[in-house]
Structure formats: structure tokens, C-alpha cells
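Per chain, numbering begins at 1; letters A, B, ... match sequence-line order.
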Amino acid sequence: MRSAPNPNGPWHIGHARMPAVIGTYKELYDGWFCVRFDDTDPETKRPDLDAYDRILDDIEYLGFEPDAVYRASDRMETYYDHARELTEKGGAYTCSCPQGEFSDMKNSGEACPHRDKDARTTLSEFEAMVDGEYESGEMVLRVRTDIEHKNPALRDWVAFRMIDTPHPREAAEEYRCWPMLDFQSGIDDHLVGVTHIIRGIDLQDSAKRQRFVYDYFDWEYPEVLHWGHVRIDAFDVKMSTSAIKRFIDEGELDGWDDPRAPTVAAFRRRGIRGEAITDAMVGLGTSTSDVDLAMSAVYANNRELVDDDANRYFFVRAGGEDGDDEAVELPVSGDAPGEGTPPVHPEHEDRGRRSIPVDDAVYLEAADLPAEGEKLWLKGYGPVEYAGDELRFTDDDIDVVRDGDADVVHWVPAGDGTVPTRLRTPEGDVSGYAEPAFAGTDADEMVQFVRVGFARVDGHGDGESVAYFAHE
RNA sequence: GCUCCGUUGGUGUAGUACGGCCAAUCAUUUCGGCCUUUCGAGCCGAUGACCUGGGUUCAAAUCCCGGACGGAGCACCA
């Protein structure tokens, strides 16, 4: 099987589907898969030189190692040879009709005057194409299919055309005569031994077009499956490589791994394992109709993968960039203990307990504040009553929680050890305070901010620490 | 306009080739309960679907015909 990306940019999350599915099938059925960069349009789908490696990197992150990697732009001579052979078999002719004129004739089922050309004329004109003797638009090589085919999409399609813009890859910058996808991928699939093709619904007619070429060569066409588009819920940013690129250029996004971007790189930085994405993609199946990928499915997978290792910390959200919803600082009075000792991980008592010193005041999230006179249970610390301007420690036992008289909330001390932290989320940045022990976490570690969600520690800077929010 | 294709709970999926074992699977979501000095975690449970109208048949999610809705192609893009 093969994944044939167009390297015109890093991947958004939808691109993960192909490697996820064929990589999984390969493992399941002891198969083989390659990545082939279909980079045969230096102009309108101009390849991005960085994208080749980034894509391979993304595939590795998703959990797969391709058995082979090809670049179509390295294989031009092969395509030329097959074009010559096809011409000799009577399967192609050069055509200099203006695009619109040909289209009109084709749509009414009429052959253009070039269709009867003999193979020798075509061959010499094709060599001239290869040598770059025509300008863009002057001459194409068409596959001779059936000009009266009932489906107009299949009638005498273009196999090669001239492109004046040089290819960005140095190895391919001299070529001017480029194959179209249907020709190039059709030839390659057979030559590298692809037996099963999965591709998008937009390429439904490709198989039918390519079959004409396969018939000329007397090759057997692979099994082919067309799947629908994936829509991802939960993202405002329009999901297309060019749209994301534009947002980055305009400064709306910080880069390809901005947590607000629906890119593979962003998911990675947020601490979502490739496996979680892969499993969700495989779960979508391969149906022809469009599907919605619920992010909750990816998050649910990731939660399971990550929960066991993610130690718990408290993080009090102070608010977004607009400064609303400030955290509330309240003194603690009464016969209060000097520290809170919640478990590092409730299912792993052996990891011990954190120590959170309480000098005289704590921060709470504004939304957690009860009505005056009501009680709260500060998790890992104890019961308090909200007295309007302070929290009075009470002698209640845990029954106040059982009886529903007090909510259990997280908190951090308002003292020196508290760690100012920025949590970068798909909805934007949230600033806040993490408990002192958070300063001891390592970059790349996954943690769970209790009652907030899972996050990946990005780093601890001078003034603030940064974490990337994964999911609840 | 011409040509393809699809339609199972909120979401995804199994089942549809060979009709009965499907008053429909699994996961997620939502809701409820349980546990834990009491996690937006975990455990348990509940709600919730065969696009529509005809036909064939003892029997239809499954077969046939029509309709609706949705998607795709008809590029010198991939």
C-alpha cells in the first residue's frame, strides 16, 4: 500500500488518516507500505522543501515507519519512458488544442484533429516536450481513451503538460514537461507493486482513467477503495494547509504547532500521543461518505494512554488574555494546618504525597467560590467556610462533602513558592498559578491539573512556566 | 447539464456480498449512581439509530423500484 502526500506543507490532522490506516493494515496483514511524494506540480501545488521531512516525521510520530520513500520528481525518466511506450502502443497523442476548445469538443463527444496523429509524429513532438521546446499551455500529451465515453470525465485526459516554473528541488529543476497525477501515480503504483489503494472520494474517477493506461500495458489494476472527507469538530480554524499557512503568515497563529491550530504538530506539542490519533482514525473506517471525527474520541484514547503516568498538580486559572475572571485570593483563618498533602496520584499511593505549604492565604478560581456562609473542601487540605473576606477553617469531617454541603475544589497557596504558569489551549492562553511542586516537573512530562485537565509541561522559564493543554 | 457514489443513536462504527441467530454491536458523548480527606480520573448503569414511500417474501437494516437528502468528478491541481 502507499501513502502519496503532496508535500506542499506540514500536515493538518486530517492527513493523519492515511498513514494511520494503511500503517495499521500493514501491521495487521503483514503488508508493505511506502510513502511517495507526488510532487509533480511545481506551480499551483508547489512543494514546500521543508514539508518532505516534516511529513516523514509526522508519520513516525503516528507510530509508523515506511518501508520505502519515493519522490515522484526523482522518477521523471521512468514516466517519460512509459509515455513513449504508451505512444508506441497507440495509447497517446500530442495535442495543441487550447484548453477551452478541447473541453467543448470533448463534452460533445467529438475527437479533436490531433487524435488521428500517427505514433511517430506524436513521439517526436513528445520528445520536444521533454526537451522543453514548448511553452506552458502549448502542447500536451493525451491518453487515447474513448472520446464518446458516457462519463465525460474519462475522455482523453491529459497525461503530460508543460510547466515553465522550475521545480523547487534542485534535482528536478531542469524538467519542464510534467506528468499529471493520474499518469504518474498509475505508473508508479504498478511499478512499485502496490496491490491496494486507498484514496479520497475526489479521486473516484482516477481509477477509471488509469485503467485505460493499465489496459494498454496489459497490467492488472490494484484493489481500490475511496473514502470520504473527514471533518473535525471543535476547530474554528478552517482546516486546509493553505488556510493555516495564511493564519501563520498573518500572525494569527504562532506557528504550525500553535495549540489553536488543527495540525499534527500542535497535537504533538499538546502531549497527545500519535497512537491516540491513529486509533481514532482507524475507528473511522473507510466508508465512502464523509465522516466527522469527534475530538472527544482522540482525547478519550489519549486519556487512557496517559493517565497512569500523569501526576496530579493543582493549577488555579486566573483568566484568559483579556484579564477577566481573576483568581480570588483569600486569607485562611482559624485553627488551620500548615500544609496540604494531596496524593501525587490517587491510584498510586506509592508515589507519595505532595506537600503544599499554607502560610496565610490561598488562591481559588473565581467560579469555585460559593455563596457567603457556604462551605468548601480544599482538596488535600480540609474544610473551610467562606466568610466573605476569608476562609475560616472548620472542624467538619468528610461528611460535609458526602452530604453535599461542600464542594471539593483545588487551590494553591498565595505565597512565594507558587508558580506563575501559562496554559496554552486550543481556545487561547490561560494564565494562572500552579502549586510549588510543579516547578519540579520536567519538560515534556504529562501532568493532570486536577479538575482542569491533562497538560504537557513545555518548560519552566524565568518569570513563568508554560504548559500545553491536551484535554480534560 | 452529463457521470459516479453514499444515507444505522449526538458522533464514529459492526451487521448489508449468501434475508431469519438484529426488538441491532462496540466506542465516545450526555445523564444518573458508586468509590476515593472524595480527581472534569476510575468503576457501574441509563437514555439514544436502521433517510422515505412502495414492492418481493412466512420473514427485509439486509433484495428490487421510486423519492428525498448529502458528497464527488466533468482542470494543462493533487
Side-chain angles (χ1 to χ4, degrees), chain A residues 4-8 37-41 43-47 72 95-100 102-103 106-109 134 136-142 149-155 157-163 177-178 180-182 184-185 199-206 208-209 226 228-231 233 279-301 303-304 306-308 310 312 314 340-343 345-347 349 377-383 396-402 406-410 448-454 471-472:
Chain A
N6 172 2
N8 66 345
F37 292 103
D38 284 349
D39 54 352
T40 56
D41 181 357
E43 201 164 273
T44 59
K45 295 255 164 122
R46 189 170 178 75
C95 169
S96 55
C97 291
Q99 206 175 139
F102 183 87
S103 175
K106 179 200 70 180
N107 285 136
S108 53
Y134 299 101
S136 159
E138 260 186 89
M139 186 66 82
V140 299
L141 183 76
R142 289 185 186 282
H149 194 103
K150 66 173 182 168
N151 185 346
L154 309 187
R155 298 172 188 165
W157 46 275
V158 172
F160 286 82
R161 83 296 204 184
M162 305 301 299
I163 294 178
C177 173
W178 287 91
M180 299 287 289
L181 175 78
D182 283 326
Q184 172 265 120
S185 85
R199 63 181 154 212
I201 195 172
D202 46 330
L203 265 24
Q204 272 177 133
D205 291 331
S206 276
K208 293 171 189 160
R209 279 200 277 255
H226 296 272
H229 300 288
V230 192
R231 289 179 299 252
D233 65 355
D279 289 349
M281 288 294 178
V282 170
L284 292 179
T286 55
S287 96
T288 336
S289 39
D290 290 355
V291 293
D292 289 323
L293 172 66
M295 283 314 305
S296 59
V298 175
Y299 296 157
N301 289 342
R303 192 145 46 219
E304 197 160 323
V306 137
D307 179 53
D308 204 54
R312 271 55 170 171
F314 291 153
T341 54
H345 190 123
E347 282 169 44
E349 283 299 331
W377 187 282
L378 301 189
K379 195 168 162 61
Y381 186 65
D396 289 295
D397 64 17
I398 194 61
D399 284 337
V400 290
V401 174
R402 289 211 178 91
D407 289 332
V408 179
V409 302
H410 60 286
Q448 186 197 113
F449 287 133
V450 175
R451 299 213 312 140
V452 174
F454 291 89
H471 47 76
E472 288 183 348

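- Residues A/Gln184 and A/Glu472 each lie close to RNA chain B; by heavy-atom proximity, the contact nearer the 5' end of the strand is made by A/Glu472.
- One interatomic measurement links the two molecules: CD of A/Glu349 to C1' of B/C35, which rounds to 14 Å at whole-angstrom precision.
- In this structure, A/Leu284 reaches the sugar-phosphate backbone alone: every heavy-atom distance under 4.0 Å involves primed, P, OP1 or OP2 atoms, never a base.
- The residue A/Glu43 sits apart from the nucleic acid: no heavy atom pair falls under 4.0 Å.
- Annotation: B/C50 and B/G12 have their P atoms spaced 15 Å apart (nearest Å).
- Between A/Lys150 and the phosphate of B/C4, there is a side-chain N or O to OP1/OP2 separation shorter than 4.0 Å.
- One atom, CE of A/Met139, and another, P of B/C76, lie 15 Å apart when rounded to the nearest Å.
- Within 4.0 Å of A/Val291, counting heavy atoms only, lie sugar-phosphate atoms of the nucleic acid but no base atom.
- The base-pairing partner of B/G20, taking Watson-Crick or G-U wobble contacts with both distances under 3.5 Å, is B/C58.
- Comparing the C1' positions of B/C22 and B/G66 gives a spacing of 27 Å, expressed to the nearest Å.
- At the heavy-atom level, A/Gly137 lies under 4.0 Å from base atoms of the strands shown.
- Pairing for B/A68 is with B/U7, a Watson-Crick or G-U wobble pair whose two hydrogen-bonding atom distances lie under 3.5 Å.
- Rounded to an integer number of Å, the gap from CH2 of A/Trp157 to C1' of B/G73 is 15 Å.
- Atom CD of A/Gln448 is separated from atom C1' of B/G42 by 11 Å (rounded to the nearest Å).
- A salt bridge is defined here as a Lys NZ or Arg NE, NH1 or NH2 lying under 4.0 Å from an Asp or Glu carboxylate O, and A/Arg231 with A/Asp290 meets this definition.
- For A/Phe160 and B/C77, the CZ to C1' distance is 16 Å, given to the nearest whole Å.
- Residue-level contact check: A/Gly283 touches the backbone only, with heavy atoms under 4.0 Å from sugar-phosphate atoms and none from bases.
- In this structure, the CG atom of A/Asn301 is 10 Å from the P atom of B/U29, given to the nearest Å.
- B/A49 and B/C58 have their P atoms separated by 30 Å, given to the nearest Å.
- Taking atom NZ of residue A/Lys45 and atom P of nucleotide B/A78, one finds them 7 Å apart after rounding to whole Å.
- The residue A/Asp290 sits close only to the backbone: its heavy atoms come under 4.0 Å of sugar-phosphate atoms, none of a base.
- Within 4.0 Å (heavy atoms only), A/His229 reaches sugar-phosphate atoms of the nucleic acid but no base atom.
- Atom-to-atom, CG of A/Asn107 to P of B/C74 comes out at 11 Å; the value is rounded to the nearest Å.
- B/A75 has its base anti relative to the sugar, with a glycosidic angle deviating from 0 by more than 90°.
- Rounded to whole Å, the separation between the C1' atoms of B/A23 and B/A41 comes to 36 Å.
- Of the P atoms belonging to B/G19 and B/C64, the separation is 11 Å, rounded to the nearest Å.
- Put simply, A/Arg199 has no side-chain N or O that comes within less than 4.0 Å of OP1 or OP2 on B/G73.
- Under the Watson-Crick or G-U wobble criterion, with both distances below 3.5 Å, B/C74 is paired with B/G1.
- Residue contacts shown for A/Arg303 are limited to sugar-phosphate atoms, with no base heavy atom under 4.0 Å away.
- Only the C1' atoms considered, B/U25 is 5 Å distant from B/A14, to the nearest whole Å.
- Comparing the same atom, C1', in B/U11 and in B/C4 gives a spacing of 27 Å after rounding to whole Å.
- Counting non-hydrogen atoms under 4.0 angstrom, A/Leu203 reaches a base of the nucleic acid.
- In summary, A/Asp407 and A/Lys379 do not engage in a salt bridge, as defined by a charged side-chain N under 4.0 Å from a carboxylate O.
- Across all strands, A/Thr40 comes closer than 4.0 Å only to sugar-phosphate atoms, never to a base (heavy-atom distances).
- Residue-to-nucleotide proximity on RNA chain B shows that, of A/Arg312 and A/Ser206, the 5′-proximal contact is made by A/Arg312.
- Counted within 6.0 Å of CD on A/Glu138, heavy atoms from surrounding residues, nucleotides or ligands total more than 12; the atom is thus considered enclosed.
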